[in-house]
Amino acid sequence: MKRTAYICDIASYLDQTITLQGWVSRRRDLGGLIFIDLRDRSGTVQVQIEPGSAAFAEADRMRSEYVAEFTGQLQQRPEGQRKEGLGQYELLATAARVLSAATTPPFELNKGSEVAEDIRLKYRYLDLRRPEMFEKLWLRSKVSAAMTAFLDAEGFVNVETPMLTRSTPEGARDFLVPSRLNPGEFYALPQSPQLFKQLLMIAGFDRYYQLARCFRDEDLRADRQPDFTQLDMEMSFVDQEDVLDLNERLMRHIFRTVLNVELPQPFSRLSYVEALDKYGSDKPDLRFESAFVEVSDLFAGGEFAAFSQAKTVKALAAGELTRKQIDELERVAKQNGAGGLAWLRREGEGFTGGISKFVGSVAAELIARTGVAEKGTLLFVAGEWKKSVTALGAVRLALRDLFDLTAGGPKFHISWVVDFPQLEYDEEQARWTYMHHPFTAPHPEDLALFGTERQGEIRAQAYDLVLNGFEVGGGSIRIHDADVQTKMFAALGFTEAEARAQFGFFLDALASGTPPHGGVAWGFDRLIMVMSGASSIREVIAFPKNNRGADLMAQAPAPVDAAQLAELGIQTLN
RNA sequence: GGUCCGGUAGUGUAGCGGUUAGCAUAUCUGCCUGUCACGCAGAAGGUCGCGGGUUCAAAUCCCGUCCGGACCGCCA
């Protein structure tokens, strides 16, 4: 028999004979009468098998996760036994067939969310049978389709770029692929299609996009995988405003068509410095406010040495905290680079606990500036600016999780962080390095700062898209002027010969007639993660890798044959 | 490389110096004609991650190690 419909579409077949195929989700055997919940990707419906029916013997041997086919009349359930949605109906089976038997599942699928993640990953094909998992991947597919439709309508050209390319020394570690035809030489998997998309602009394609797989051999996190997907795009003859505007329209289109959510127009914007100074992160979670308060001046020259000598003292107002909670927050602050976490508890018009003996004269001003509530806690980090605000930013997020601070706010908060620094000083290597990438264009009015001691203040025409505290996109206007590119390489300490050795083909291309251009890359997996409310990127990737970069199902990575290595001219050390 | 949390039947958990290692669920058997987390009765199922140590005695305490997760470093 041929399947008549997806289970979710059965309503239109009421009182007709239909054939359904799917998996046995549950079997309730009442002795004579058997009920089977049959599931396909679209839904689950109850099948009733009467003892006298021709379907009985076959249904009697069905177990969880057997693949089964039932033919029968679709009817309404007896009154009083109807439930919501598909629970109104049941299929009275006249024929049943086991299409495929199944071993007993290693975990109960309907309890999947409580099962240890490594078990789920090992049996991912079973985990993916769970409706929650299908829904997330379905959402992902819908977002992808909405993106494609929008960009296609806007005249973007979808171009694929190579997976086997050249290793570049900077940035993340490359995944290397040995070349059999060129023994001793290696391809690298792309960290992103950055150079290729710029070359497409040089080639005159004007507008490009691609859902691109990217590879970075770095340590993993809940929101990082070694292979991941970017929505990569690039536009010619544009400035930063053009790129931001198009991306806002695209994002609004996606949220509207897929989630029926209206995002604000325009998105809010804050500068990199402002984001760090107020929220302690270049990707602040703005679903709640909890901004820092500058209090350096109140302690300058005071008797509390840790504060009076610090370049920056920032305060963060919190609710009432126990000593234990404060200790935990201090641990967070220290792990994120702070020397410590000072605190005060407000009692009336003054403070107790923590560093209260140092604040007598400024208590009123502290209360006025921070607005800390009675019994509320003030938390302080002092020291060098970036270290302090970053540490307090981590405390801010810990408070968010502790007090569920996002509960009253919007479900989604999206913003641009702009004016990133062009250059960053790398203490370890004692040299300047780029913050975004070496082809990012600086603000024209900051050009004069190249080569001066103030080059750390050069602003880049770079921007990040931040959704609920996650960086879901980032990009820049690129350098299309050879002189500026030379300045940039010089600032990075590249000699002309070194630049040529690394990027010669690209520099030649730049000199061949390059339009002003810029673009962005979205962290597609992260976007889907936030849109679906998942807490890990692994939840929105069909076959993800674990913390250690292992695919527990396919058991990759794995050793290979000596003969395979020999053919590639490779020896392993151990 | 580091910090923290965890590892006990298939799964989820309790036990935290002396238990026949408990409970739930899944599995198997029997009974059961309106269940829907079906119910009832019974059975089987455990190298308490692994190694070492302390102890008369270790799932329990200590050390090491492996595995899983979160984070720091790292990720242009």
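Naming convention: chains lettered A, B, ... in sequence-line order (proteins, then strands); numbering from 1 in each chain.
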Looking at A:D327 and A:K324, is any side-chain nitrogen of the basic one under 4.0 Å from a carboxylate oxygen of the acidic one?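 Salt bridge: no.
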Does A:D285 pair with A:R396 as a salt bridge, N-O distance under 4.0 Å?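 Salt bridge flag = no for A:R396 with A:D285.
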Nearest-neighbour nucleotide for the [X] side chain, [options] considered:
{"X": "A:R538", "options": "B:A70, B:U35, B:G10", "value": "B:A70"}
{"X": "A:A116", "options": "B:G2, B:U33, B:G12", "value": "B:G12"}
{"X": "A:D118", "options": "B:G34, B:G68, B:G69", "value": "B:G68"}
{"X": "A:D37", "options": "B:U35, B:C36, B:U11", "value": "B:C36"}
{"X": "A:V115", "options": "B:G12, B:U3, B:G34", "value": "B:G12"}

Let's test this: given Watson-Crick or G-U wobble pairing with both distances under 3.5 Å, identify the partner of [N].
{"N": "B:G30", "value": "B:C40"}
{"N": "B:C74", "value": "none"}
{"N": "B:U60", "value": "none"}
{"N": "B:G46", "value": "none"}
{"N": "B:U55", "value": "none"}

Which residues in residues 214-227 of chain A have at least one heavy atom lying under 4.0 Å from any atom of RNA chain B?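 Here the set is A:R216, A:E218, A:D219, A:R221, A:A222, A:R224.
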Between [X] ([atom1]) and [N] ([atom2]), how many Å, whole number?
{"X": "A:E117", "N": "B:G7", "atom1": "CD", "atom2": "P", "answer": "17 Å"}
{"X": "A:Q76", "N": "B:C36", "atom1": "CD", "atom2": "P", "answer": "20 Å"}
{"X": "A:N336", "N": "B:C4", "atom1": "CG", "atom2": "P", "answer": "15 Å"}
{"X": "A:Y123", "N": "B:U11", "atom1": "OH", "atom2": "P", "answer": "8 Å"}

Would you indicate whether A:W23, at its atom CH2, is surrounded by more than 12 heavy atoms from other residues, nucleotides or ligands within a distance under 6.0 Å?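 No, not enclosed.
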What one-letter contact string describes nucleotides 22-31 of chain B from 5' to 3', where B marks a base within less than 4.0 Å of any protein heavy atom, S marks contact via sugar-phosphate atoms alone, and - marks no contact? ---BSSS---
Could you tell me the separation between the OG1 atom of A:T229 and the CD1 atom of A:I541, rounded to the nearest 0.5 Å?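 Here the interatomic distance stands at 7.0 Å.
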Spell out yes or no: do the side chain of A:Q48 and the base of B:U35 have one donor N/O and one acceptor N/O closer than 3.5 Å?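 Answer is no: no donor-acceptor pair is held.
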With respect to the phosphate group of B:U35, does any side-chain polar atom (N or O) of A:Q81 fall under 4.0 Å of OP1 or OP2?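 So the side chain of A:Q81 is within the cut-off, an N or O lying under 4.0 Å from OP1 or OP2 of B:U35.
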